[in-house]
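Lettering follows sequence order; numbering is per chain, from 1.
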Amino acid sequence: NAGVMQNPRHLVRRRGQEARLRCSPMKGHSHVYWYRQLPEEGLKFMVYLQKENIIDESGMPKERFSAEFPKEGPSILRIQQVVRGDSAAYFCASSTSGDTQYFGPGTRLTVL
Amino acid sequence: AQSVTQPDIHITVSEGASLELRCNYSYGATPYLFWYVQSPGQGLQLLLKYFSGDTLVQGIKGFEAEFKRSQSSFNLRKPSVHWSDAAEYFCAVGARKTSYDKVIFGPGTSLSVIP
């Protein structure tokens with residue numbers, strides 16, 4: 001049973017470009033969570049999604065950030081017009097209903 | 001809302017020595033509690049979790065943690081540390097919110113192991 005998969009593992013973008021981060025949950029998991037980890041800091045919750053629905057986006061910046069989890073395919077975290085402050089590691093986790101979250105390896109975004 | 005503190009930012013221990021990493025939480029009801037480990041450049045791996053029942057929880061890699069409600073603590077322990085245990089350790093608390101668990105992570109404790 002494959003774990004949570006994230007791609008790309010490393011992503012480099014110039015200021016103003018768009019970044020798309022993908023997350024495929026573990027088989028049988030319908031809940032996806034996105035977290036951001038800044039250097040030397042812990043994980044900050046961004047958004048929680050179930051299939052085709054955003055359940056809690058209280059941790060998402062109001063502008064430039066969006067997330068989706070379509071009926072088919074991976075969950076996508078999209079960052080438009082990236083700025084240097086967006087440089088961080090972005091982690092996806094998945095779970096079954098009301099259970100433990102399992103994490104992917106993360107995507108490390110660098111904005112030049 | 002729940003919160004988590006990890007009082008020790010960085011700890012150094014000798015290989016073979018015992019280890020205790022502290023975690024304190026704040027939550028109005030019985031929480032769900034987790035410890036995760038993160039090696040450099042890697043994702044988070046679940047070490048152990050407490051949902052209910054026995055307050056002493058056994059995890060992987062020889063780790064254990066004890067839930068103490070009176071102290072609002074969930075400290076992680078290992079009797080003999082190995083060099084490969086050097087990593088970042090995160091305590092997390094989950095709260096049942098409507099239909100899901102919102103998990104809040106502590107700031108982490110960085111563990112160094114010296115030969």
Side-chain angles (χ1 to χ4, degrees), chain A residues 2-11 21 23-26 29-51 53-60 69 88-110, chain B residues 1-10 21-25 29-52 57 59-60 65 74 87-112:
Chain A
V4 178
M5 299 175 67
Q6 290 186 250
N7 65 81
R9 294 292 306 276
H10 299 274
L11 181 61
L21 288 63
C23 169
S24 296
M26 287 178 68
H29 287 192
S30 59
H31 300 229
V32 166
Y33 313 78
W34 285 94
Y35 295 85
R36 178 164 61 178
Q37 184 179 37
L38 294 170
E40 307 300 323
E41 295 188 14
L43 276 76
K44 302 298 183 185
F45 168 81
M46 299 181 73
V47 62
Y48 160 62
L49 311 100
Q50 293 182 20
K51 281 289 187 181
N53 291 301
I54 296 175
I55 308 301
D56 182 350
E57 56 182 347
S58 59
M60 287 276 274
F69 188 17
Y90 292 83
F91 290 95
C92 167
S94 72
S95 72
T96 57
S97 176
D99 208 323
T100 307
Q101 295 179 27
Y102 293 90
F103 283 79
T107 294
R108 281 150 184 84
L109 172 66
T110 301
Chain B
Q2 71 270 38
S3 66
V4 183
T5 57
Q6 293 180 247
D8 305 304
I9 296 174
H10 187 256
L21 302 182
R22 295 183 291 165
C23 171
N24 294 96
Y25 68 89
T30 300
Y32 300 159
L33 295 159
F34 308 85
W35 275 100
Y36 287 86
V37 60
Q38 183 182 32
S39 297
Q42 302 298 313
L44 277 71
Q45 180 182 20
L46 179 69
L47 283 176
L48 47 79
K49 61 185 178 183
Y50 171 78
F51 279 8
S52 65
V57 181
I60 62 171
F74 189 57
E88 189 85 16
Y89 290 80
F90 293 97
C91 180
V93 57
R96 178 71 60 173
K97 179 179 178 180
T98 61
S99 62
Y100 77 100
D101 296 333
K102 186 167 187 175
V103 177
I104 303 298
F105 285 82
T109 296
S110 176
L111 174 66
S112 296

Heavy-atom count around [X] [atom1] within 6.0 Å, excluding the residue itself: above 12?
X: A/K51; atom1: NZ; value: yes
X: A/M5; atom1: CE; value: no
X: B/I9; atom1: CD1; value: no

Given ring-ring contact (aromatic ring centres under 6.0 Å, His included), test B/F105 with A/F103 step by step and report yes or no.
-> CA-CA 13 Å; B/F105 285 82; A/F103 283 79; 5.7 Å; yes
Which bit of B/Q38 is near chain A, if near means a heavy-atom gap under 4.5 Å: side chain, backbone, both or neither?
->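 Side chain of B/Q38 only, per the 4.5 Å heavy-atom cut-off to chain A.
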Under 4.5 Å heavy-atom distance to chain A, tell me which part of B/L44 shows up: side chain, backbone, both or neither.
->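 Looking at B/L44, backbone and side chain both touch chain A.
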To the nearest 0.5 Å, tell me how far A/Q101 CD sits from B/Y32 OH.
->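 It comes to 12.5 Å.
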At a heavy-atom separation under 4.5 Å, does A/Q6 approach chain B through its side chain, its backbone, both, or neither?
->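 Contact with chain B involves no heavy atom of A/Q6 at all.
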Would you call A/Q37 and B/F90 a side-chain contact if the rule is heavy atoms closer than 4.5 Å?
->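 Touching, per the 4.5 Å side-chain cut-off.
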